[in-house]
Amino acid sequence: MAAGRCARLTSLRLESNGEEREVTLANGTASIDGKKVSFTEIRRDDMLVALEVEGSIVPVRSARRGDRAFVWCAGHVFEVRRAADRPARARPAAGESHAGLLAPMPGRIRKALVRRGEAVARGQVVLVLEAMKMEHAIRAPRDGVVTKLELREGDLVEAGAVLAEIT
Amino acid sequence: MAAGRCARLTSLRLESNGEEREVTLANGTASIDGKKVSFTEIRRDDMLVALEVEGSIVPVRSARRGDRAFVWCAGHVFEVRRAADRPARARPAAGESHAGLLAPMPGRIRKALVRRGEAVARGQVVLVLEAMKMEHAIRAPRDGVVTKLELREGDLVEAGAVLAEIT
Amino acid sequence: MRIGTVAVFADADAGAVHVDRADHAVSLGGGSVAETYLSIPKILDAARTGGADAIHPGYGFLAESAEFARAVERAGLVWIGPPPEAIEEMGDKLSARARMRKAGVPVVPGTDGSAADDATLARGAEELGYPVLVKASAGGGGKGMSRVDRAADLSGALDEARRIAASAFGDDTLYLEKLLAGPRHVEFQIFADLHGNTVHLFERECSVQRRHQKIVEETPSPALDSPLRSAMGAAAVEAAHAVGYVGAGTIEFLLDSERRFYFLEANTRLQVEHPITEETLGLDLVAWQIEVAQGAQLPAAWTRGELAPRGHAIEMRLYAEDPFDFLPRAGSVLEWVEPAGPGVRVDSGVDRGSTVSLEYDPLLAKVVAHAEDRRRAIERALRAIDELVVLGVETNRPLLAHVLSSAEFESGDYDTGLVSRLPPLAPPPVPPAAWIAAALSLTRRAPSNAPPAAADPWEAAKGWRPAGALD
Amino acid sequence: MRIGTVAVFADADAGAVHVDRADHAVSLGGGSVAETYLSIPKILDAARTGGADAIHPGYGFLAESAEFARAVERAGLVWIGPPPEAIEEMGDKLSARARMRKAGVPVVPGTDGSAADDATLARGAEELGYPVLVKASAGGGGKGMSRVDRAADLSGALDEARRIAASAFGDDTLYLEKLLAGPRHVEFQIFADLHGNTVHLFERECSVQRRHQKIVEETPSPALDSPLRSAMGAAAVEAAHAVGYVGAGTIEFLLDSERRFYFLEANTRLQVEHPITEETLGLDLVAWQIEVAQGAQLPAAWTRGELAPRGHAIEMRLYAEDPFDFLPRAGSVLEWVEPAGPGVRVDSGVDRGSTVSLEYDPLLAKVVAHAEDRRRAIERALRAIDELVVLGVETNRPLLAHVLSSAEFESGDYDTGLVSRLPPLAPPPVPPAAWIAAALSLTRRAPSNAPPAAADPWEAAKGWRPAGALD
């Protein structure tokens with residue numbers, strides 16, 4: 001139980017839900033894109049449980065993994081990351097601009113429906129990945145040509161593995 | 001989530017509920033008063049949530065404050081301390097062997113009913129302490145003579161303060 | 001109900017659970033209870049700051065203050081509680097007794113308060129027959145109450161009671177009640193709207209007490225059959241009617257060993273133990289308090305008598321106190337895990353990291369079990385209390401399990417003497433897993449929940465066990 | 001019930017919540033699901049090791065395996081579930097449909113399974129009229145199911161469905177059902193004892209689905225009136241009778257826009273959504289499963305039809321999944337706080353520090369709200385989901401709130417197309433407090449819940465969003 005702990009001066013460029021903000025904390029005042037907001041931390045057993053922001057108490061819970069912070073606040077959960085890590089984008093994004101198709105989860109290649117060099121249309125099923133006792137269609141995010149595809153049916157893949165490249 | 005973490009070799013004399021044990025931990029084996037017991041720690045996010053003891057899983061929660069450990073286990077809560085700190089005694093103890101009467105909680109002396117040098121009988125009210133919006137009778141734990149009593153009505157006392165001595 | 005909530009807190013309680021469970025919270029500043037939670041101007045200021053339209057007084061501090069109720073209404077806010085006049089009439093025990101007698105509700109035999117001097121009271125005691133209870137007219141919650149077994153002790157007891165009553169309530173008027181043998185405490189939930197409808201929402205059995213305070217409540221009461229329930233319920237409604245009651249309240253009765261019932265007192269607020277009524281009736285009493293304050297009529301099903309309790313519910317009050325001598329304990333909560341599952345509800349005021357201070361009532365949580373029948377409710381309550389993890393501060397957890405597993409409680413045939421008749425509470429043998437977990441905890445390099453090993457401020461409070469509290 | 005519980009776990013799940021919530025737990029060793037939770041010999045070994053007298057199969061893995069039920073009985077243990085024959089009869093969809101037709105229970109129009117070759121099915125599709133659903137006879141849970149809108153697509157869909165069915169169930173028999181327009185999924189809880197008593201325990205409305213899987217259920221169904229409820233309930237009891245059912249089960253119906261109902265399938269186990277029935281009826285269905293398995297008769301109040309639901313209950317399934325595309329998400333739970341209070345029940349399988357893996361169904365918790373009526377239940381459900389804190393793994397929390405606050409859900413007049421018709425789910429604006437809390441968290445020297453900043457194994461999985469799952 002402790003209120004009023006002050007953070008050192010810090011300045012961060014943060015991104016969440018497609019919004020981007022410059023956030024500076026100093027002595028109980030936050031500057032959010034230049035707008036000053038006074039705040040007090042309310043902690044229980046060193047855990048942040050609420051913030052008094054401009055005189056109003058807002059319950060919060062927060063946690064951090066690597067360079068990402070997770071915040072529960074006002075009935076929503078926000079994932080906040082340092083903006084430098086990735087360009088801001090609005091969720092839900094219509095598609096991704098990776099050349100590579102990444103495995104969304106670990107699994108086994110059930111079927112490869114195209115070959116290297118083949119032209120594919122946006123939305124065309126390229127691979128079928130079996131994971132979680134279900135089959136997932138991995139579709140081409142845009143029209144293009146398969147420039148890389150080294151996996152075969154039955155291959156195991158890790159989450160995030162590049163399944164194919166379409167350029 | 002991790003099982004099987006091994007503690008270094010440690011030997012402790014512990015006391016809880018009037019029982020006293022010599023406990024030695026080494027490589028997944030505990031020796032409790034010389035009796036060997038194999039165990040595995042089951043942790044979630046580094047927190048001990050269960051122990052596998054001789055092949056059987058027992059949910060536990062534990063916490064520590066200073067030299068005392070608190071353990072929830074098998075539907076009970078145990079307070080365990082290093083035995084050297086205090087002689088073992090069975091709870092509930094009938095009375096205490098302190099010469100001094102300690103304030104059970106912070107409060108204000110409402111009434112002093114005896115004076116220094118006065119003989120008192122076991123159970124006789126010595127002081128009335130006002131705390132928590134109630135009055136508490138502080139009684140003599142045994143027959144004796146008040147050898148110390150420096151407080152006056154209206155004095156504030158901290159928890160654990162010596163209120164009087166009876167010898 | 002989509003109604004935002006504003007909590008108030010003394011600065012020392014900024015980390016308290018109620019602060020971060022509310023939508024907003026407003027500080028009352030620092031200082032004593034009188035300067036914070038009992039300060040009517042500060043509470044009203046906080047209501048303005050927080051933009052509150054109405055005030056719910058809860059069940060502590062100013063909940064039964066007619067002065068507060070009036071101040072709230074004068075400030076243009078909605079008071080979620082009974083009219084100030086009803087609070088006053090019920091708050092003075094002597095006038096409440098007189099009122100009830102007039103309304104035809106039986107009261108515990110006692111003196112009538114026309115005179116409260118020693119001689120009059122002594123004559124009263126002789127007429128009633130010893131033992132008698134000395135009570136303060138302005139009292140409540142067992143404060144200033146004492147039992148006198150023989151004439152020789154009366155004068156001393158009156159002196160002490162007057163002193164306590166004067167200091168606690170600013171009014172030293174006393175009266176005597178006959179001490180009933182083996183009584184049960186059975187109370188009825190009442191509810192009234194602004195349109196003249198008053199109903200009872202059945203009873204709560206509150207005879208499991210230590211230090212004149214309830215620790216386990218259940219509903220239905222094993223002591224009532226249908227005719228007795230109807231008679232007591234009707235008396236409770238009559239009592240509420242008599243003072244023009246509005247909102248939620250409780251009429252407490254004593255039930256003697258011959259199943260005669262007597263009005264004991266009225267609580268002009270929500271009771272701590274209201275959840276068991278909510279569980280068996282499937283109602284949210286707090287929501288209905290708010291609806292009634294907004295002018296709603298009680299539902300037709302209530303006024304037509306179509307409500308019926310379903311199953312059986314038991315509440316166990318978890319106090320930070322020594323389970324042997326019932327003295328309050330303080331400390332910080334190092335670990336807190338609430339039981340869950342069907343039919344288990346926990347209303348709690350602490351969490352891991354909370355500080356339990358001796359400044360306030362040491363109630364940490366209410367563990368409520370609801371099941372199809374009494375046997376299953378007891379089993380579920382025992383399972384729930386076993387599963388509750390509270391580390392770092394001593395609680396009455398062992399006593400609650402002891403009560404629930406006792407043959408006397410199981411029989412249903414018990415009275416307010418139950419706790420004193422329990423077999424001694426024996427500390428359980430320490431299992432190997434507890435020794436191992438303790439050794440691991442004491443030898444870990446970075447204990448996750450612990451402050452540095454040196455300071456142990458709560459240690460000091462445990463050295464001495466006073467023999468009793470005057471209460 | 002004072003019955004000790006023995007949990008089983010794969011070695012990788014030693015830190016899972018079910019392990020430390022049980023009285024004892026026994027390891028199934030390491031390896032794939034087939035080598036652990038789906039291994040009948042290992043489960044039986046564990047039962048012997050743990051000293052179990054009976055096995056409750058839950059609602060996953062082997063819960064609907066007749067082979068497992070037989071093995072349990074052969075091992076001399078009590079099987080807490082229906083007779084293996086009933087599991088088999090209901091498990092094969094084609095034989096279940098035939099059985100129901102014979103018992104006079106209406107089934108969704110479809111092919112009868114006398115032949116399942118392409119030509120026969122194509123003729124069947126023409127007779128039924130497109131669109132049709134291709135289904136696997138051995139299937140369940142939407143697996144191997146696909147919609148075909150025109151004759152040209154049928155052959156390809158049959159190929160794919162046979163391949164999936166063969167690999168998932170070892171049986172590629174298919175059949176077709178007419179695709180009903182705007183159907184609702186309404187299921188009835190049934191319960192039968194060993195003495196020939198079979199009752200229904202009212203319905204659950206399960207039309208809020210994504211990917212053919214339920215995410216929100218409520219009871220009573222806003223679509224039923226009393227005569228329809230009676231007719232469907234009677235059909236459900238008839239269906240259970242027809243296969244000699246014992247214990248808890250569920251009969252699923254489709255209800256078309258003209259309020260005609262059709263048998264869809266039977267679930268020969270407890271349903272995920274059973275808590276809403278428990279809340280409105282005040283019963284513990286799992287306890288009754290155990291009592292029935294021990295030979296108890298169903299209570300007379302059930303068989304005499306005296307049970308009546310009280311209030312309204314809603315279950316929200318919290319999944320670790322992307323709220324936009326419904327794909328499962330993995331991660332570790334950095335913070336977990338469950339909502340509480342009257343009428344709120346959370347059945348959860350995770351806690352702070354839990355690992356959510358992609359190996360199992362991504363259901364994290366069921367948040368159940370129970371209140372006096374539907375409006376209040378929706379309000380309470382929304383409050384509960386707002387208060388639920390889950391950090392570190394993405395969940396469908398926003399989607400659940402979106403459904404509950406939609407005008408279509410509020411109207412009660414919805415069908416299985418509800419989720420697809422919702423207005424787009426817009427990310428909420430980030431309030432100042434969230435920016436500040438994030439900045440504090442990212443700049444604190446010793447983040448209390450976080451592993452060292454370097455490794456972020458879950459990051460990789462988020463780079464690419466597949467366009468859909470075949471399912």
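Numbered from 1 within each chain, the chains take letters A, B, ... in sequence-line order. Please read these numbers as outputs of a predicted model, since none were measured by experiment.
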To check you understand the geometry: which heavy-atom pair defines the closest contact between C:Leu318 and C:Val390, and what is its length?
CD2-CG1, 4.3 Å

Say you draw a straight line from CG of C:Leu400 to CG of C:Leu382; how long is it, rounded to the nearest 0.5 Å?
10.0 Å

Can you tell which of C:Arg345, C:Glu379, C:Arg310, C:Glu372 has the highest number of heavy-atom pairs within less than 4.5 Å of chain D?
C:Arg310

Option that, when pairs with chain D are counted at under 4.5 Å, heavy atom only, ranks first among C:Arg2, C:Arg21, C:Glu279, C:Glu278:
C:Arg2

Could you have a look at D:Arg383, D:Arg375, D:Glu291 and say which one has the most heavy-atom pairs with chain C under 4.5 angstrom?
D:Glu291

Winner by heavy-atom pair count (cut-off under 4.5 Å) against chain C, out of D:Ser348, D:Ala340, D:Pro342
D:Pro342

Between C:Arg376 and chain D, with a heavy-atom cut-off of 4.5 Å, which part of the residue counts as in contact: side chain, backbone, both or neither?
side chain

Portion of D:Ala308 that has a non-hydrogen atom of chain C nearer than 4.5 angstrom
backbone

Partner of C:Arg204 by side-chain hydrogen bond (donor to acceptor under 3.5 Å, both in side chains), out of C:Gln189, C:Gln271, C:Glu217:
C:Gln189

Spell out, as yes or no, whether a donor-acceptor pair under 3.5 Å connects the side chain of D:Ser441 to the backbone of D:Ala438.
no

Taking side chain to side chain contact (heavy atoms under 4.5 Å, CB included) as the criterion, tell me which of C:Ile314, C:Thr280, C:Val344, C:Thr219 meets it with C:His370.
C:Thr280

